Number of protein chains: 2
Amino acid sequence: MNTDRSVESPHFPQVGHDHARCQSWILQRAEVRCRQEGMRFIPQRREVLEILATSHRSLGAYDILERMQARARRPPPAAVYRSLEFLLGLGLIHRMAGRNTYFACTRSDHDQQIQFWICRHCGMVGETESPVVAGEWQRLSDSLGFRVSSVNVEIEGECITCRNP
Amino acid sequence: MNTDRSVESPHFPQVGHDHARCQSWILQRAEVRCRQEGMRFIPQRREVLEILATSHRSLGAYDILERMQARARRPPPAAVYRSLEFLLGLGLIHRMAGRNTYFACTRSDHDQQIQFWICRHCGMVGETESPVVAGEWQRLSDSLGFRVSSVNVEIEGECITCRNP
DNA sequence: CAAATATTGATACATTATATCGTTTCACTT
DNA sequence: AAGTGAAACGATATAATGTATCAATATTTG
């Protein structure tokens, strides 16, 4: 497995990057993580992840269904949602709540303190991880007496590529 | 109009707080802001906001429809969505993307750098505003070359009241 | 192999949100 | 007060997203 994490160094996916490398990295990591967790990385789940990994854009469940239809035959919606739920559980994909879409995670570690940067123009999604922000959530939750279960940060705007055409 | 902002000082709504005061504050502010913007705070919009302001919990569009039905007559869904869109536009309510719900804003100022704290147990929603986090989004967006349009932060967990029953 | 477990396909349905369009209401002008 | 244009509404239909159920099939385990 490729472990050099080069996939994540440009925080926002660049135009000319070697995407084949991202794809194989995402899929190989999925295999490893499934094995670790004693879960089964069966074809339908793999296909959903493959489809998400074809780009750094997020896709809706029904977009995925259409691409599965184009590849082989269209499963019922519930099948896709089951695979998505599985992949979400392993942290291999994320859900963009603001758009009802899903996309393949490109980070190797999971501190739950990820932020998503979504370009409104091209649809690309980048991920960052900020210790400063994590510390601030800690401070705020302490002061509120709030026990945090999950944090979701979605930042929308225009990416550097779309700003400089 | 009540301008002492006491409504927002306990960042997470407390059990015994004077909610009648919150309600009237929310509605009065809506009137003021509509007048300022030259918009019309007509009955249907007012009713939607009133319903949201009855608690610090967020409600789904169809929850609001049911409560309107209980009050008078049930409008079509689009009517509620129109009012919600209007209120969102004026920043009088927020949308919880993770839950497809809406709730009445309880803050007097709008720096777009609000965080939502949602209790999974009682459904209460609190709001905070952190300059540290705002600064970090600035730093990160600069380093990514990303032009930010909107930031949505939803933190789920358990509030202090539900932790100490 | 048999039993237990996990996954699938098929069907139906639930929930959330939007499109369209003719009518009504409102604010403003005369 | 009546006319006028813009805004809002009601009614209807439908789109988009997501779940529930359950029998049938595949996979793992004993």
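Everything quoted here is computed from the prediction, not taken from an experiment.
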Q: Taking atom types as they are modelled, is there a donor-acceptor pair under 3.5 Å from the base of dA20(D) to the side chain of Tyr81(A)?
A: no
Q: Any side-chain N or O of Arg45(A) below 4.0 angstrom from OP1/OP2 of dT7(C)?
A: yes
Q: Measure the distance from CE on Met39(A) to P on dT5(C) and round it to the nearest whole Å.
A: 16 Å
Q: Round to the nearest Å and state the distance from Arg73(A) atom CZ to dT8(C) atom P.
A: 15 Å
Q: On DNA chain D, compare the nucleotides closest to Asp63(A) and Arg82(A); which residue's is nearer the 5' end?
A: Asp63(A)
Q: Look at the side chain of Pro76(A) and decide which nucleotide, out of dG10(D), dT11(C), dT28(D), has an atom nearest to it.
A: dT11(C)
Q: What's the CD-P distance between Glu47(B) and dC9(D), to the nearest Å?
A: 11 Å
Q: Does a salt bridge link Arg99(A) with Glu154(A), judged by any charged N lying under 4.0 Å from a carboxylate O?
A: no
Q: Just to be sure I understand the rule, does Phe86(B) reach a base, reach only the sugar-phosphate, or reach nothing, if contact means heavy atoms closer than 4.0 Å?
A: nothing
Q: Determine the interplanar angle of the His56(B) and His17(B) rings, folded into 0 to 90°, and report it as parallel if under 30°, tilted if 30 to 60°, perpendicular if over 60°.
A: tilted
Q: Any carboxylate oxygen within less than 4.0 angstrom of a Lys/Arg side-chain nitrogen, looking at Glu37(B) and Arg33(B)?
A: no
Q: From CG of Leu84(A) over to C1' of dT7(C), roughly how many Å is that when rounded to an integer?
A: 16 Å
Q: With a 4.0 Å cut-off on N to O distance, would you call Glu136(B) and Arg139(B) a salt bridge?
A: yes
Q: For the residue pair Phe103(B) and Phe116(B), does the interplanar ring angle fall in the parallel (under 30°), tilted (30 to 60°) or perpendicular (over 60°) class?
A: perpendicular
Q: Given dG9(C), dT27(D), dA7(D), which nucleotide is nearest the side-chain atoms of Ala79(A)?
A: dG9(C)
Q: Starting from C1' on dT8(C), measure out to CZ on Arg46(A) and report it in whole angstrom.
A: 19 Å
Q: Write down the distance between CE (Met68(B)) and C1' (dG10(D)), rounded to a whole number of angstrom.
A: 12 Å
Q: Please compare Ile42(B) and Ala78(B) by the position of their nearest nucleotide in DNA chain D and report the one closer to 5'.
A: Ile42(B)
Q: Once you round it to whole Å, what is the distance between C1' of dG18(D) and CZ of Arg99(A)?
A: 19 Å
Q: Assuming nearest nucleotide by heavy-atom distance, tell me which of Gly60(B) and Pro77(A) is located more 5' along DNA chain C.
A: Pro77(A)
Q: If I take atom CG in residue Asn100(B) and atom C1' in nucleotide dA14(C), what distance separates them, rounded to the nearest angstrom?
A: 13 Å
Q: Measuring to OP1 and OP2 of dG18(D), would you say a side-chain N or O of Tyr102(A) lies under 4.0 angstrom away?
A: yes
Q: What's the closest nucleotide to the side chain of Arg95(B) if the choices are dT28(D), dC26(C), dA17(C)?
A: dA17(C)
